[in-house]
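It should be emphasised that the depicted structure is a prediction, and the values quoted were computed from it without experimental measurement.
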Amino acid sequence: TGLLQSVGKAPSDSLTRDDMKLILLCEKGVQVAQKVGVDIEGLAEIAEFQLFKNGNSTTFSGLVDLVLQMRGTNTATVRDIMNLRKFIVDELSALGLKPSFNNSYEATREVDLDDSENEDETLV
């Protein structure tokens, strides 16, 4: 709660994006993040998606849970990969792109193996 008091918040208060930035950037917030092994920049980026995807506010307990999930000693889980997939789909959709997830692979171009101009190309 000392961290919340340093930015003028109580544990029961909801946190806005600006509140979260103040918490993460204040000296005490940086110390806490470093102590538990969390990259502040990475946390700030993922917090936008994880904490504010459904609204403009979150809870302090939500922020604490995210900090604990982001510790460098944690390994990636299936849930983490699914969240990453959803994030990528959302970002691509925001750019007006429609991602396609199928299991087929199509060649983008053909390479004539007898053509001397293509000698330096490698096949993958």
Side-chain angles (χ1 to χ4, degrees):
T1 58
L3 180 58
L4 283 175
Q5 289 173 344
S6 68
V7 294
K9 291 288 184 174
S12 59
D13 291 345
S14 62
L15 301 175
T16 64
R17 286 175 173 85
D18 290 337
D19 295 333
M20 185 197 65
K21 288 176 187 174
L22 286 174
I23 290 170
L24 295 179
L25 295 176
C26 76
E27 184 178 341
K28 192 164 190 150
V30 171
Q31 288 173 349
V32 168
Q34 288 175 341
K35 188 178 249 185
V36 296
V38 173
D39 171 46
I40 289 285
E41 290 178 18
L43 176 62
E45 287 178 22
I46 199 75
E48 181 68 29
F49 174 71
Q50 288 286 341
L51 299 178
F52 298 105
K53 63 184 172 191
N54 295 325
N56 292 324
S57 65
T58 189
T59 62
F60 182 66
S61 64
L63 179 58
V64 170
D65 288 342
L66 183 61
V67 167
L68 294 176
Q69 289 174 17
M70 296 291 295
R71 289 180 292 181
T73 57
N74 289 346
T75 56
T77 64
V78 171
R79 179 180 173 201
D80 296 328
I81 302 304
M82 295 305 294
N83 283 338
L84 175 62
R85 180 186 180 276
K86 182 175 180 347
F87 172 75
I88 291 170
V89 167
D90 289 348
E91 290 297 307
L92 290 174
S93 296
L95 293 171
L97 303 172
K98 184 176 180 184
S100 173
F101 296 99
N102 59 28
N103 293 327
S104 64
Y105 298 94
E106 296 178 17
T108 56
R109 66 186 184 115
E110 293 181 14
V111 176
D112 184 357
L113 296 178
D114 294 328
D115 187 359
S116 62
E117 292 178 15
N118 293 327
E119 286 180 327
D120 294 333
E121 291 189 25
T122 58
L123 299 176
V124 181

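Considering OG1 of Thr59 and CG of Leu51, their distance stands at 8.0 Å, rounded to 0.5 Å. Rounded to the nearest 0.5 angstrom, Gln34 CD and Asp39 CG are separated by 10.0 Å.
Hydrophobic clustering (ILVMFWY, side-chain heavy atoms < 4.5 Å, transitive): Leu43 and Val32 are in distinct clusters. Linking ILVMFWY residues whenever their side-chain heavy atoms come closer than 4.5 Å, directly or via other members, leaves Met82 and Val89 in distinct clusters. Transitive grouping of hydrophobic side chains (ILVMFWY, heavy atoms separated by less than 4.5 Å) keeps Leu25 and Leu4 in distinct clusters.
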N/O donor to acceptor pairs below 3.5 angstrom from side-chain atoms of residues 62-72, sequence neighbours left out:
| from | atom 1 | to | atom 2 | distance (Å) |
| --- | --- | --- | --- | --- |
| Arg71 | NE | Leu68 | O | 2.9 |

Hey, can you pull the donor-acceptor pairs under 3.5 Å for the side chains in residues 10-24, sequence neighbours left out?
| from | atom 1 | to | atom 2 | distance (Å) |
| --- | --- | --- | --- | --- |
| Asp13 | OD2 | Ala10 | N | 2.9 |
| Thr16 | OG1 | Asp18 | N | 3.4 |
| Thr16 | OG1 | Asp19 | N | 3.2 |
| Thr16 | OG1 | Asp19 | OD2 | 3.2 |
| Arg17 | NE | Glu48 | OE1 | 3.2 |
| Arg17 | NE | Glu48 | OE2 | 2.7 |
| Arg17 | NH1 | Asn56 | OD1 | 3.1 |
| Arg17 | NH2 | Glu48 | OE2 | 3.1 |
| Asp19 | OD2 | Lys9 | NZ | 3.1 |
| Asp19 | OD2 | Thr16 | N | 3.0 |

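Residues that satisfy the side-chain hydrogen bond (donor to acceptor under 3.5 Å, both in side chains) test with Asp90, not counting sequence neighbours, are Lys86.
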